[in-house]
**Student:** 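Dumping the structure here so I can ask a few things about it.
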Amino acid sequence: MSESMHGLKRTHLAAELSTANVGENVVLMGWANTCRDHGGLIFIDLRDRTGLIQLVFNPEVAGEAFAKAEKVRGEFVVAAVGIVHKRSEATINPKLKTGEIEVYVSELRILNRAKTPPFYIEEDIDVDENIRLKYRYLDLRRPDMQKNIILRHKVTMAARDFLDKKGFLEIETPMMTKSTPEGARDYLVPSRVNPGKFYALPQSPQIFKQILMVAGMDKYFQIVRCFRDEDLRADRQPEFTQIDLEMSFIDEDDILGLMEEMTATTFKDAAGINVETPFPRLTYQEAMDRYGSDKPDLRFGLELKDFTDMVSKSDFKVFAAVAASGGQVKGINAKGCADFSRKEIDDLTQFVAIYGAKGLAYIVVTEEGLKSPILKFFKEEEIKEMLDRFEAQPGDLLFFVADKPPVVAAALGALRIELAKKKNLISLDEFRFVWVVDFPLVEYDEVERRWTAIHHPFTAPKEEDVEFMETEPGRVRARAYDIVLNGVELGGGSIRIHRRDIQEKMFQLLGMSREESQEKFGYMLEAFEYGTPPHGGLAFGLDRMIMLMAKKDTIRDVIPFPKTQSAADLMCQAPSEATPKQLQELHIRLNVKTK
RNA sequence: GGAGCUGUGGUGUAGAGGCCUAACAUGCCUGCCUGUCACGCAGGAGAUCGCGAGUUCGAAUCUCGUCAGCUCCGCCA
């Protein structure tokens with residue numbers, strides 16, 4: 001049934017044709033998008049990656065082609081030979097890019113038949129993601145997915161071009177490397193040749209790129225896959241891609257400036273989006289204080305206000321006790337939300353409970369006065385002070401959370417975004433970049449009962465804070481920076497430690513013994529002794545960057561073959577069991593509970 | 001590890017103890033149709049309601065378990 005394309009060469013892509021081609025004999029190849037059989041006249045919309053073009057079959061002009069066209073169904077692969085005609089005024093289709101022309105087909109070949117696809121090959125389909133992922137090749141045929149993949153290509157091309165012009169070298173680093181403590185769980189690869197030993201897939205090329213600086217490469221970049229065995233989210237996949245880079249003899253301003261330029265260039269070149277530089281900078285402390293997040297969305301206000309100082313001496317015991325025990329009482333003025341129902345407020349109370357908040361106090365501000373269950377605990381001048389700090393006006397709804405600072409930040413930070421969504425304050429056309437700088441170097445992990453690096457163990461402490469590394473680690477600030485776009489952490493980096501003694505001090509602070517740091521990072525420490533330049537770098541999450549450019553809600557829509565939340569590939573059914581022979585060769589015995 | 005939402009012909013949905021011999025739209029198949037573009041018209045096929053237990057005279061519908069997908073918390077240097 002299917003025919004050979006022998007003797008035919010494709011001359012044009014579908015949507016490249018225009019009125020300029022009228023009169024030309026063309027050869028087109030692609031998929032039958034839709035077939036409209038009128039009995040005595042057949043129209044087939046031919047689709048390729050550029051778009052659609054209407055083919056016309058007339059039995060009086062080409063009988064054989066017409067007979068074949070009667071048999072064509074959706075997604076059949078066809079080759080058509082014919083003349084481009086201008087459509088008559090009445091038959092122009094303004095919805096189609098090629099709507100002013102059509103091809104009168106003289107010869108049709110059915111190159112391959114197709115089963116009826118399980119969903120429509122068109123934009124904005126509403127299908128279970130299950131099915132899209134199982135038939136990913138069909139999903140990727142859809143115009144919006146093709147757009148995303150093309151955008152991804154444009155972004156990497158623009159970034160490569162930019163970095164090349166700035167003197168960066170693209171250098172590959174190993175995928176089979178050494179497992180490191182700290183950070184995410186590693187994906188392990190068993191070594192057949194070395195029984196009982198394992199490689200780890202890189203969480204990032206961090207150490208290699210630093211060693212490339214030791215090696216005098218000066219400016220490195222790589223568009224590189226990274227692997228982290230942690231639970232998935234809409235913006236997190238176990239394998240993801242970074243635009244990773246590192247430079248020698250630079251400071252924070254050098255790299256931030258260059259990255260602003262690169263971001264503006266790629267957004268402009270790849271997506272036509274104008275980005276204003278320089279980006280504003282917020283310290284970590286400021287971001288947490290004002291937005292309750294280290295990745296604040298700056299497209300809307302609803303900033304957090306602090307009331308800890310004033311409630312500590314109030315009669316409201318719940319607030320006062322929290323303030324007295326080192327906690328915080330903060331709030332958000334939900335502008336214009338005074339009309340929220342009791343149910344809506346209850347729902348929001350449940351919402352903040354997800355983040356550990358034990359309650360959500362509120363005051364409704366109306367023309368007639370205030371309504372609130374907590375009002376009775378406060379004196380008149382206290383209430384006035386609160387309203388002043390909130391800049392409250394009739395129509396506003398004031399929310400309070402009292403708890404330990406991390407809980408207050410998480411709860412109100414999330415509430416802030418939830419309110420903005422509810423009130424439609426978030427513009428899809430705005431791209432608000434911000435640098436978050438001056439992160440703490442380490443934080444105390446209550447579960448592991450030790451200090452852990454906030455960025456990673458190679459991040460340099462601020463010079464003026466080095467003296468506190470042993471005495472007050474929580475006070476040491478890092479020379480780290482995150483680039484944040486619309487509430488999404490787009491990338492992060494730091495100026496690195498380039499001296500062996502400081503690096504050792506850092507490992508020590510993280511609770512690593514001398515033996516352990518020698519075993520895990522000895523080669524790096526040794527390299528640092530052979531003339532290491534001051535250096536620093538940054539890595540962009542490419543998937544997230546494209547997700548935002550494409551205005552999608554998940555990176556799965558910009559990754560050709562993503563995994564589900566349970567880290568499975570529904571198309572190829574990975575992961576799957578290994579054969580006994582494979583396991584034997586790898587010296588692995590399984591210890592799996594059978595269900 | 002935990003919380004929530006979803007699962008009914010190929011696809012998207014309706015049905016919420018008996019009205020179900022499961023409805024609608026679309027897709028699919030057959031026939032008709034020379035200007036459609038989500039073509040139209042007529043006819044037809046297609047589902048043991050994710051899976052397994054239980055409650056009940058009776059379960060798509062209620063309960064429990066389980067599987068899958070999604071969102072989130074934890075986790076993610």
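Just so we're on the same page: letters track the sequence lines, and every chain starts at 1.
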**Student:** Are side-chain heavy atoms of A:P562 and A:L133 found at a separation under 4.5 Å?
**Tutor:**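 Yes, close enough: below the 4.5 Å cut-off.
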
**Student:** Determine the interatomic distance between C1' on B:U8 and the same-named atom on B:A59; round to the nearest Å.
**Tutor:**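 Per the computed distance, 14 Å lies between those C1' atoms.
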
**Student:** Once each nucleotide of nucleotides 68-75 of chain B is scored for protein heavy atoms under 4.0 Å, what B/S/- sequence comes out, 5' to 3'?
**Tutor:** SSBBBBBB

**Student:** Check the interface with nucleotides 37-42 of chain B: list each N/O to N/O pair with the protein under 3.5 Å, or write none.
**Tutor:**
from: B:C37; atom 1: O4'; to: A:R36; atom 2: NE; distance (Å): 3.1
from: B:C37; atom 1: O2; to: A:Q54; atom 2: OE1; distance (Å): 3.2
from: B:C37; atom 1: O2; to: A:N93; atom 2: ND2; distance (Å): 3.2
from: B:C37; atom 1: N3; to: A:R87; atom 2: NH1; distance (Å): 2.7
from: B:C37; atom 1: N4; to: A:R87; atom 2: NH1; distance (Å): 3.3
from: B:C37; atom 1: N4; to: A:T91; atom 2: O; distance (Å): 2.4
from: B:A38; atom 1: OP1; to: A:K95; atom 2: NZ; distance (Å): 3.0
from: B:A38; atom 1: OP2; to: A:K95; atom 2: NZ; distance (Å): 3.4
from: B:C39; atom 1: OP2; to: A:R36; atom 2: NH1; distance (Å): 3.0
from: B:C39; atom 1: N4; to: A:D37; atom 2: O; distance (Å): 2.5

**Student:** Describe the nucleic acid contact of A:I131 in one word from base, sugar-phosphate, nothing, applying a heavy-atom distance below 4.0 Å.
**Tutor:**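 If one applies the 4.0 Å heavy-atom cut-off, A:I131 turns out to touch the sugar-phosphate alone, with no base involved.
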
**Student:** Could you pick out which residue, A:S88 or A:S204, lies toward the 5' side of RNA chain B when each is mapped onto its nearest nucleotide?
**Tutor:**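 Here A:S88 is the residue nearer the 5' end.
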
**Student:** List for me each residue that meets side-chain contact (heavy atoms from CB on, under 4.5 Å) alongside A:N33, sequence neighbours excluded, and say none if there are none.
**Tutor:**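 A:D45, A:R47, A:L52.
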
**Student:** Give one of base, sugar-phosphate or nothing for A:L52, where a contact means two heavy atoms less than 4.0 Å apart.
**Tutor:**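 Here A:L52 touches no strand at all.
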
**Student:** Quick check on RNA chain B: between A:P59 and A:F119, whose nearest nucleotide comes earlier from the 5' end?
**Tutor:**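 Closer to the 5' end of RNA chain B: A:F119.
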
**Student:** Have A:Q285 and A:R477 got a donor and an acceptor in their side chains that come within less than 3.5 Å?
**Tutor:**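 The answer is no; no qualifying pair exists.
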
**Student:** Tell me the interatomic distance from A:L138, atom CG, to B:U11, atom C1', rounded to whole angstroms.
**Tutor:**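 Interatomic distance, CG of A:L138 to C1' of B:U11: 13 Å.
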
**Student:** Does A:E344 pair with A:K422 as a salt bridge, N-O distance under 4.0 Å?
**Tutor:**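 Yes, A:E344 and A:K422 are salt-bridged.
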
**Student:** Any chance the rings of A:Y187 and A:F198 have centres within less than 6.0 Å?
**Tutor:**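 Judged by ring-centre distance (under 6.0 Å), A:Y187 and A:F198 do not meet the cut-off.
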
**Student:** I'd like to know if A:E102 reaches the base of B:G35 with its side chain such that a donor and an acceptor end up less than 3.5 angstrom apart.
**Tutor:**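 Present.
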
**Student:** Remember a base hit wins even if backbone is also touched, and classify A:Y104 as base, sugar-phosphate or nothing at under 4.0 Å, heavy atoms.
**Tutor:**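 It contacts base atoms.
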
**Student:** Assert yes or no for the condition that the ring centre distance of A:F439 to A:Y284 is strictly below 6.0 Å.
**Tutor:**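 Yes, ring centres under 6.0 Å apart.
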
**Student:** Between A:R450 and A:T452, does a side chain to side chain donor-acceptor pair (under 3.5 Å) hold up when you go through it step by step?
**Tutor:** CA-CA 6 Å; A:R450 66 179 185 89; A:T452 55; over 6 Å; no

